[in-house]
Structures are given as C-alpha cells and as structure tokens.
Amino acid sequence: MRTVVRVVERIEETPSTVTLRFPYAPAAEPGQFVMLWIPGDDEIPMSLSYVEGDRKGVTVKAMGATSRHVLTIAPGDWIGLRGPYGNRFDLAPRRLLIVAGGSGAAVLAPGAERVVAGGGSVVVALGATRAPELLFRQRFAEMGARVEVATDDASAGFAGYVTGVAERLLAEEPFDAVWTCGPEVMMRKVLALADARGVPTFGSTERHMKCAIGMCDACAFGPFHVCTDGPVFSSGQLRSVPDFGVFHRDAAGRRVRF
Amino acid sequence: MRTVVRVVERIEETPSTVTLRFPYAPAAEPGQFVMLWIPGDDEIPMSLSYVEGDRKGVTVKAMGATSRHVLTIAPGDWIGLRGPYGNRFDLAPRRLLIVAGGSGAAVLAPGAERVVAGGGSVVVALGATRAPELLFRQRFAEMGARVEVATDDASAGFAGYVTGVAERLLAEEPFDAVWTCGPEVMMRKVLALADARGVPTFGSTERHMKCAIGMCDACAFGPFHVCTDGPVFSSGQLRSVPDFGVFHRDAAGRRVRF
Amino acid sequence: MAELGVELAGVRLRNPFLLASGIWGESGASLAGAYRAGAAGVITKSIGAAPREGFPNPTIESYGSWGMLNAMGLPNPGIDDYPKEVEIALASGAPVIGSVFAGSAEEFGRLAERMAALGVVALELNLSCPHAEGFGTEVGGTPPEVERIVREVVDRVRIPVIAKITPNTTDAPALALAAERGGAAAVSAINTVRALAVDVRLRRPVLAHGLGGLSGPAVKPVGLACVWQIFERVRIPIVGVGGISTGEDALEYVMAGARALEVGTAVAVEGAGAFGRLARELSALLDELGIARLADAVGVAHAAR
Amino acid sequence: MAELGVELAGVRLRNPFLLASGIWGESGASLAGAYRAGAAGVITKSIGAAPREGFPNPTIESYGSWGMLNAMGLPNPGIDDYPKEVEIALASGAPVIGSVFAGSAEEFGRLAERMAALGVVALELNLSCPHAEGFGTEVGGTPPEVERIVREVVDRVRIPVIAKITPNTTDAPALALAAERGGAAAVSAINTVRALAVDVRLRRPVLAHGLGGLSGPAVKPVGLACVWQIFERVRIPIVGVGGISTGEDALEYVMAGARALEVGTAVAVEGAGAFGRLARELSALLDELGIARLADAVGVAHAAR
Ligand SMILES: Cc1cc2nc3c(=O)[nH]c(=O)nc-3n(C[C@H](O)[C@H](O)[C@H](O)COP(=O)(O)OP(=O)(O)OC[C@H]3O[C@@H](n4cnc5c(N)ncnc54)[C@H](O)[C@@H]3O)c2cc1C
Ligand SMILES: Cc1cc2nc3c(=O)[nH]c(=O)nc-3n(C[C@H](O)[C@H](O)[C@H](O)COP(=O)(O)OP(=O)(O)OC[C@H]3O[C@@H](n4cnc5c(N)ncnc54)[C@H](O)[C@@H]3O)c2cc1C
Ligand SMILES: Cc1cc2nc3c(=O)[nH]c(=O)nc-3n(C[C@H](O)[C@H](O)[C@H](O)COP(=O)(O)O)c2cc1C
Ligand SMILES: Cc1cc2nc3c(=O)[nH]c(=O)nc-3n(C[C@H](O)[C@H](O)[C@H](O)COP(=O)(O)O)c2cc1C
Ligand code: FES
Ligand code: FES
C-alpha cells in the first residue's frame, strides 16, 4: 500500500539537511520510519521527524545521489510513501539523555517532544561537523530540552565528538535511559559509556533497506531485521549483535566494515 | 467461500422428498437459497427450508440424477455449501395466501413461520400429485396456518390443480399478498388469479444455475438474474418478463418452452 | 470534465468500458442491460458451432474480495440459437462485439462469418480459455496458431477482429505480434489465469473440471504486465482486461498501454451499476490529474522509463 | 498426532515447510532463525557467480492481505562471499538447500559445484525468476534449456538437484518433464507470477524495474494448478510453493501432489512464528481428517477424478 502525495512544505534545516512536510494520515510513533520514493530515482528509508497528526515530515541529510535529489524537492512535487514501519521508542523515561550525531536528531526529536510533554526532562548531546550543521538545535531548545553541542571543528560547544559530551553528562547526572542515533561507531561508544553507568540505551540503527517489511534480508542485523525488529534496539539487543558497530551490508548483501 | 459440512439429520418428508439438516452458520432469510454440492456429482440450487439459527436445512425432491443422489445422503456424509444467495420474501403481509406446488413448499415454509410468529394469518393452498407427496402439510398445520390441499389423483382434498383451491380462496377471503412457488405454468396461473383480485403476488422462480452470483447468465430471466435479482419476484416484475411461464433456458443457454 | 470516449479499431466508444465475454453474455437482455447501465459496448459470451452445456457444477469458487475461480467450460447455445440474443442486444443500441471460439482455424472462419452476419461491430476471438479441452489456449496458445486463426477470420469478414490473448504463456507479446501479423485490428489481454482449488475435506478439486481460471482483482497485476509487454512490441490497439474494479485500475491499464477495457468479475460482483461507477471514478481521476482526454493517457507510463 | 515428517529426494524433513528462496536468505543468521523457529529446512537466496546489487528501489509493492509484487533483481553477495553465511546457517543444524542462478548451463554447473562444496543437502536451481534479464525464465523458460541446465548440474554434483519451475508458461509439466529427464531429484513450483503495477499519479510503473513477480495468497490457485498438472505427468517429487499461509493451504498443495512445501511471503508477513503455526495448523487438520501421516496425503486429490 503506497501513497503518492504532494510535498506541502520544504524547510532548510542546515546547509545539508532539509525537512519535507506532506499530508500522510497513517498513525505513526516516534522512532518509526517510512520508505520515501523519489519518482524516477530511488526509494530510501527515512525516519519520521514529525509524527503527529496528518502532516508528517522527514528530515533528510544529503549523503549520496538520492538524498541530494531530495534536497531539490519543492512544495508541489510528488513523493511516494509507504509505512510507517518499524518499532518505536519507549517513552517511559523521566530523565532522558539523547545523543545525536549527523542526521540522527531527525528520529530522536519527536520522541523527545513526547517525553517533555509527558513531564520528563531531556538533555540532548548534539553533534555535527560544524555549527551550522547542528540539526534541530532550536527545535530541542524550544521543546524545553537542554542542548549541549559538540562540533568537530570547534565552531560551537565541545570541540570533538559528541561522545565526549555524552561521557561528561553521564558522569554528572543521573539518567533513566539514553537514546542515540548517529554513526554506528558513535552509537557503539555511547552504548559502552551508558553500560559503564548502568543506564539502559536505545539505539536507532540503519541498514540498507529494500523491502522494509522483513522479507528480503537486506537489513539483516545479526538475528534481527532492522526494518521490522528495529530500527530501535535496546542495550541487550545491541550487545548481542556481533555486527553492531563492526559491519553493515551493502546492496548486494556483502559485509562491509565500518 | 465454500463450506464443507457433515449432514447431521435426514428426514423423509414424502416418498420423493427428503430434508437434510446440517450445521451452517451464515445468516439466511426466508426465500434465499444455497448451492448444494454433492461431492463427485453436481452442485444444484436449493432453497433453505430451515433458515433459523446454525442448523439450516434443505428439502429436496427427486427430479433427476443429482436430486435422486441427494435422497441417498445419510447423516455423517459430507456436502458442500455456498450461499445463502438471492433475495427474500417481504414478511409484511398480515393475511397471506401461499400457493405451493411440488417442492415449492420448501422455500415457502420458513417465511410462513415468520409471518405467523409475527401475528399474521396464513392460508396455504398445497398441491401435489397424490396425498403422500403433500410437502410440509404437517409443518404448515403446526405453525398455525390453515392448510387446504389439492391432489391430481384426488387422494386428498380438492381433486385437480392447486390453482383451483387458490381461485376459491381468493374469491372467499381478502389477502394482502400471495406467495407462490411451484411449476412455472402454475405460478403464471396464480399470478393471473391474484391480479384479477388486485392482490400482489410474490413468486419464487427457478432457472438453471451455475455461478449463483450473477456472473454467468445461466439463470437469465428477462432482464433479471434469478440468482441475484430473485428468486422472489413481485407481480410487476413477473408480468414484465416475457419468459415467465413461457420458456426457460437449458444448461447451454438455449431457450426451452415449458 | 475529461473526455472518456475512445476509438477502438474504428469503433467509437462512449467510454472505455466493455462488458467482458462470458459475463452476462448468454442472453440478449443481459447484454442490453449492461449497455443501458453505462457500458460502452458489450462482448457476447464466446459462441461455438454447436450448443454446449459446459462443465458440470461446481463451476465457480470465490476467494472473497480478491478473486474468483471458474471453469464454466464454454457453455453456449451455439451459433444457430444465438441470433435472437444478438438481435435483442443490438436493439438496445449497444455496440455488440461477437466473441467466438472454435477448435480449428477453419471452424473459426465459418463461425466468424455467421457472427459477423448478425450485425456485430467487431469480433473477438477467444484464443485463450485456459480450461476447455480442444479450445482456447489449446488451439491458440502458440504464435503460429494465433496467426493462422486470425488470418483465416480476417480473410472472411469485413469487421475488425480482436484476438484475445492468454496470460498463460512465457511470451504474451509474441502471441500479440502473431495476431498483428494475421491482420487483427486489436488484441485483448487477458483471459483468466490457469488455477486450481482443492477441498481438503473432500480430497478433490473444488471445480468439477479440476483446472479453472482465476479472475478478479488478483489478476490485475498479471493483466497489466501482459498489456505493458504487448504495448512495447505491437502497434495495434490493446484492450485491457483482468481485475478492473475501480477507475484507478482502469487508468493503470490505459497508462500501461490499453486503449479500451473490458470488465468482467467486477460487474458480476456489483451488478450493472459498476459501469456507471467506473466511468464516474475514471472521469474524476482524470480531472484530478489534469488529463483532458483519456486517449491522451494511453501508454504514457512507458515514457517514464 | 499426525506425522508431519516427509522425505524429499532422500532428505529427511521434520515437517514439510521449507523457507522459500529469497526470503531471509541473504544472511546466515536469518536462515538459522527460520530453522530455529520451526522450518524443516531453509533455502538460500539465489546466489550467482558475482555480487549483484539487484534493481534499485522500489523493489516491492504490497496489495495488502492478498499479494505482494517484487522485483528485487536477484541481489546477492555472490558465491565468493556467501560461504560464511551458509556456515552460520549450517551451524544451527538446519538442512540448507543452496539456491543458485546463472546465465548459462556451464555457469550453473560451476556455481552448483561451489555451492555443493559448502555442505548444503541439496541444490535448487532458479530457472524461474520472472524479471531479471539474462537469468531465470530467460535461460530456463523452455524444456530444452531446463533439461540442459539440470543435466549439467546433475553431472557435476552428488547431492539432489531441485529444479524450480516458472508458472509463466503454457505448459508447466513440460518444464518439469524436462527437469526429470535431465536428472533432477525434484521440481519446485512455483516462482512468482509475472506482474506489474502502475502509479497513475506518477504515470510510471511502481517498481523501478517495471515488471515484477506476484507472490502471496493470490498465487496459491496458480501454484496449485501447476503442481496438479505436474503431478499428472512426472514421477519425481514436487515441492509446492506459492501463497501458502495456512495449514489448509499446505494440505491443498499436498493433496494436489506436493511432497514438501516452501513458504515465502507468509513468513515475511508474520515473522518466523509462521513456521510453528503452519505445523500446528496442519497437524490439527490431519488429525481432524483422520490422516495419520502427511505423506499418505500426497496427490490423493487425483484419485477422486
Ligand atoms: C531506518 C532508517 C532511518 C533513516 N532515517 C534517516 C533520516 O531520518 N534522515 C536521513 O538523512 N537519513 C536517514 N537514513 C539514512 C538514509 O536512508 C540514507 O542516507 C539514504 O538512503 C542515502 O541514499 P543516497 O542514495 O543519497 O546515498 P548513497 O550514495 O546511495 O549511499 C550513501 C549511504 O546511504 C546508504 N543507503 C543507500 N541506500 C540505502 C537504503 N535503501 N537503505 C539504507 N541505507 C541506504 C548507503 O549504504 C550508504 O551508506 C535512515 C536509514 C534507515 C535505515
Ligand atoms: C433458486 C432455486 C431453488 C430451488 N429450490 C429447490 C428446493 O428447495 N427443493 C427442490 O427439490 N428443488 C429445488 N430447486 C430445483 C432443483 O435445483 C432441481 O430440481 C435440481 O437441480 C435437479 O437436479 P437433477 O440433477 O436432479 O435433475 P436433472 O435431471 O439435471 O434436471 C431436472 C430438472 O432440474 C433442473 N436443473 C438441473 N440442474 C439445475 C441447476 N443447476 N439449476 C437449476 N435447475 C437445474 C433441470 O433444468 C430440469 O428442469 C430449486 C431451484 C432453484 C433455481
Ligand atoms: C465466469 C466467467 C466466464 C468467462 N467466459 C469467457 C468466455 O466465454 N470467453 C472469453 O473470452 N472469456 C471469458 N471469461 C474471461 C473474461 O472475459 C475475462 O477475460 C477475465 O474474467 C478477466 O477479467 P475480470 O477480472 O474483469 O473478470 C470468463 C470469465 C469468467 C469469470
Ligand atoms: C522478495 C522475494 C524474493 C524472492 N527471491 C527469490 C530468489 O532469489 N530465488 C527464487 O528461486 N525465488 C525467489 N522468490 C520466489 C519465492 O521463493 C517463491 O517462489 C514465491 O514468492 C511464491 O511463494 P510465496 O507466495 O510463499 O511467497 C522470491 C520471492 C519474493 C517475494
Ligand atoms: S529491508 Fe527487507 S528485510 Fe528489512
Ligand atoms: S446462475 Fe450465473 S448468473 Fe445466475
């Protein structure tokens, strides 16, 4: 069941990242993703960065040909959608640490909004290569989260990887849970840091996706399929998967080291 | 959607007619029919002579090879069923005349029971070749209907066609409606008699049936399909169909005069 | 309001929807009813040289909303008894397309002549019934057979000839090309897809004939594939058939390459009202998409490739 | 409790249900998971000589409960990278059947040797993918091709060879007979049915490749017809596949002539739990019908004719 809709809004979030908003009625939860079809081009997995109501959104960072193509999409253009697919974040934590790198903030923001709305406190460790690339810095601030940033080039906040910020926060404050999304090597480090403090981690993982319905095995992740068993996995699951942070598979199913 | 069930009861109604009872859950109304499959043999249309609850029934008169085969079916034997199909009798009449010939009583009895249960009065003109073949004579009496019989061989009641009884009843008493089922030449006569008195008639017609779902045209009856538009037709409909009482079609679709 | 009218092999149709062969086609009154309800034209039941009762019942099995299995076995009154039905159908004003089936090219030719003489606007040759021994795919399942039969018929009649192609083949376009070479004015695709149901309690096939043909929504993707492939290789117009039950299904077929459409199972399921609904849905969809004339949409999906 | 175990070409299976090729077969862990969840054995993704990315997305389209369209384009890591996946699968104890595809008989032979060397219990030859240019039906769509490929492989390996047949043919039994002549230990039927979907708003096929293959409940009647027809003409065992999603579906296939079964779409839809459910449903049904051993039911529907 595929739906083809016209994009109604395009928001430039960072120099390399754009949010598209579109009418899409199916109910969705924070953590879930859609398959976004760019007619004439590829169909790629995208987390829903806006899950509420009928006007959903995705926030896309330019990585390769198709995601760059997404950045050229304007209001009025057709896109294809199917989903939402996958599981969701558990929204129970009262004191939540979010560690986001790259486009990872896209999948984390809707859940953070829910936690704050439910009376929880959220601290966000937000990393990017440079200050203008810090995704949803303002959105997190506006929802009432505390944002601590890190940039590789020291143009804002902590100079270096966001895991540095996460490490400090975990040392300074008590958290019920850590949510993380970003490069897998980063997530692996976050898992180790949180494990050391005994804080449960939930990581949103990415694997090559084709069917998105647990059929084709493209997204195999140890014994799991990211599309149906994930994309959100718990600390225990992540630790049990030898692939985590070590290798993913390319479109042919070959193992590729990170 | 076909269901295969075991017959649970076999009742010999007349020397040539047997009722089979079987578990069949789909809701049915008086007038509707099922397609009754005798595995290894044909599948033939049969009115439901018992429509209430989960234990439905059909009442089959031996006509040719398959119906004779039905008479040999014993409790425990498998039969196939699909349906119920077709429309139903309108149960509004308060003073109802039923004119039944041959196996026609099978389709009329359940509706008569409902009319009586609803406080209506029912008079049944019941015809057969000879007394033992009078179908449901006792059932009609037990439900509280008045039964007036006719036999070709004068072995019971009026000597001659049941239309003779019907003519008298229509002359003697006021009726809101006439229901009839039996040989089409008989039904045509009933229609004429009731028309003369201005009483609306509802006739349950029979045509060769294959699909029973309005697809194959085997049961074409003027502009109607007996399987989906019928089997019950009103006076107006019956009058509008040039075929009525004149010809039916054989399995090949050829017109055959009655 | 979008223009739904199309021309098929010289025949002007008020909309693309024809009643498919085998649905309601045994009686003239049913054919007339389909036209009055909105069909642009009606295709008769496939008529043979002699009356045929078809297979014993059960002849159909339903899969609920997505499909229907049948093995009617080509019941038909035979060409001798059929003229009065065509007459009634024609009296309604309907463009009637006469469908015929036969066991040989020669017999096809003779039947076609007789059917043509009844005043039908075109002929459809049933080369594709998947389950009747000695007919359908058994005589029209290979390109040389298709070509020979079509040529024989085309040589003997003056009205357009439509060859109805089977989906039970490795290469549907090869059959369509053969029809084109034989002189067909159009091809229609698809007939039903060979299929079977077993009753596990009775340990036997459900249909008396065993093998049957699948129709309804489940075969739409199969029909679309055939139309798509045929469009890429033949020039004569294509009549799309198989599982059409919404205006969107119809437009899928048109964009895949169909110029006209036949509707079978959906008409049986819904009744004659299906024709009006289909036309309304298609018209609304064309308006939504800014397509002024349906004919402009024929095959456009191929341009995107 | 009815005995569900069957023997297929010398391989003992604890129940008739095998994971169909192309579902979960890219990674060893997924194959192992299917076996642990109750599959009697697992068939690998069809593996080729070189890594292949397959077609771009969209590669699938869902029709809701009744069917699924896909054109993956035979993505696979290639035989060089595949041994570690087979190793993981075998470590679970699963009987692994290695599926291979190739563009020629010679290439099939070479690949088959390499796959056999990995310790799989049997090979399945994909002669039936309906949409990948140069493979599948394009090399295994006719009886002579099937026979040549099967013979080449049989000559080069010592394990049983299963030929997977296409439903996109006029004559499935002819393909099965060719496989039998070539020395196949069994045939499996069916692969997906050639199909297409069009998006009318985008005026293009939904799948990036255009044509794809239909699977799921809608193809069960088509698969049953193929198995039925093949059973009437070949002696080697048949593996039934296509739209199996209940125990009753399974028994339909067995009574039509299948000795073992493959399950694809239903496993994707429901997850690995489908295997346990299918076995439970089938077992309960056999008990209800008083059938002591599943093997006794193979082909019984033919006796009723
Ligand atoms: C569950 C999930 C959620 C995601 N959410 C977001 C998001 O919210 N925002 C965002 O910017 N990105 C997200 N991504 C990543 C996004 O899908 C890729 O960036 C995108 O597919 C790149 O496509 P490309 O053609 O531009 O890049 P390519 O040049 O093709 O490749 C660049 C990278 O993207 C990966 N990629 C390409 N195609 C796919 C595919 N079909 N499935 C998965 N990965 C692919 C490649 O493996 C490679 O690592 C998500 C991925 C997954 C699996
Ligand atoms: C809607 C409907 C309800 C019916 N209800 C009853 C009923 O309650 N009790 C009852 O005894 N009979 C009923 N009949 C009639 C019953 O279907 C036939 O008597 C039966 O089909 C005869 O089959 P046969 O093989 O024994 O006879 P055959 O020797 O085949 O033929 C005898 C007569 O039955 C007719 N017939 C045969 N096959 C069919 C068929 N598929 N469809 C319709 N007529 C057929 C023939 O045209 C012929 O007139 C009903 C028929 C219809 C259409
Ligand atoms: C009950 C039935 C009878 C049919 N009889 C014929 C026939 O006589 N001649 C023919 O060419 N096609 C026949 N067909 C095939 C249809 O014309 C049509 O090609 C097929 O059903 C697919 O279309 P649909 O899905 O709209 O029904 C028949 C189909 C059904 C369901
Ligand atoms: C996504 C997908 C990928 C498939 N890949 C292969 C394949 O690589 N090799 C093969 O022989 N069959 C392949 N098939 C066909 C299946 O093995 C099976 O024959 C078909 O799907 C019908 O069974 P089902 O209805 O149970 O899915 C694939 C099917 C699907 C749906
Ligand atoms: S993307 Fe196909 S199994 Fe996950
Ligand atoms: S029995 Fe087929 S249309 Fe009525």
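Chain A is the first sequence line, chain B the second, and so forth, proteins listed ahead of strands; every chain is numbered from 1.
Considering only heavy-atom pairs separated by less than 4.5 Å from chain D, the leading option among C:P221, C:A195, C:A225 is C:P221. When each of D:G223, D:A218, D:P167, D:G216 is checked for heavy-atom pairs under 4.5 Å with chain C, D:A218 comes out on top. Of the listed residues C:V300, C:L289, C:T142, the one with more heavy-atom pairs under 4.5 angstrom with chain D than any other is C:L289. For the set D:L224, D:V193, D:V219, the entry with the most heavy-atom pairs within less than 4.5 Å of chain C is D:L224. Residue with the most contacts toward chain C among D:L202, D:T166, D:V227, D:T169: D:T169 (heavy-atom pairs, distance under 4.5 Å).
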* Asked: Can you check side chain to side chain contact (heavy atoms under 4.5 Å, CB included) on D:L214 and C:V222, steps first, answer last?
  -> CA-CA 8 Å; D:L214 192 64; C:V222 180; 4.3 Å; yes
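Within the 4.5 angstrom heavy-atom criterion, no atom of C:E61 approaches chain D.
To the nearest 0.5 Å, atom CG of residue D:D199 and atom CG of residue C:L251 are 10.0 Å apart. Between C:L196 atom CG and D:Q229 atom CD the span is 8.5 Å, to the nearest 0.5 Å.
Between D:M255 and C:V200 the shortest side-chain heavy-atom distance falls below 4.5 Å. Side-chain atoms of D:R203 and C:I291, non-hydrogen and from C-beta on, do get closer than 4.5 Å to each other.
Of all heavy-atom pairs spanning C:V198 and D:A256, the tightest one is CG2-CB, 4.2 Å. Closest heavy-atom contact between C:A301 and D:P205: O-CD, 3.7 Å.
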Name each donor-acceptor pair under 3.5 Å that joins a side chain in residues 65-74 of chain C to protein atoms two or more places apart or in another chain, with its distance.
{"from": "C:N70", "atom 1": "OD1", "to": "C:M72", "atom 2": "N", "distance (Å)": "3.2"}

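For C:F231, the ring pair (Phe, Tyr, Trp, His ring centres under 6.0 Å) partners at least two apart in sequence or on another chain are C:H302.
Remark: the backbone N or O of C:A304 is paired with a side-chain donor or acceptor of D:R204 at under 3.5 angstrom. When atom types are taken as modelled, the side chain of D:T170 and the backbone of C:N168 share a donor-acceptor pair closer than 3.5 angstrom.
The 12-atom threshold is exceeded at CZ of C:R194, counting heavy atoms of other residues, nucleotides or ligands nearer than 6.0 Å.
We find that C:R201 and D:E248 are joined by a salt bridge, their nearest charged nitrogen and carboxylate oxygen being less than 4.0 Å apart.
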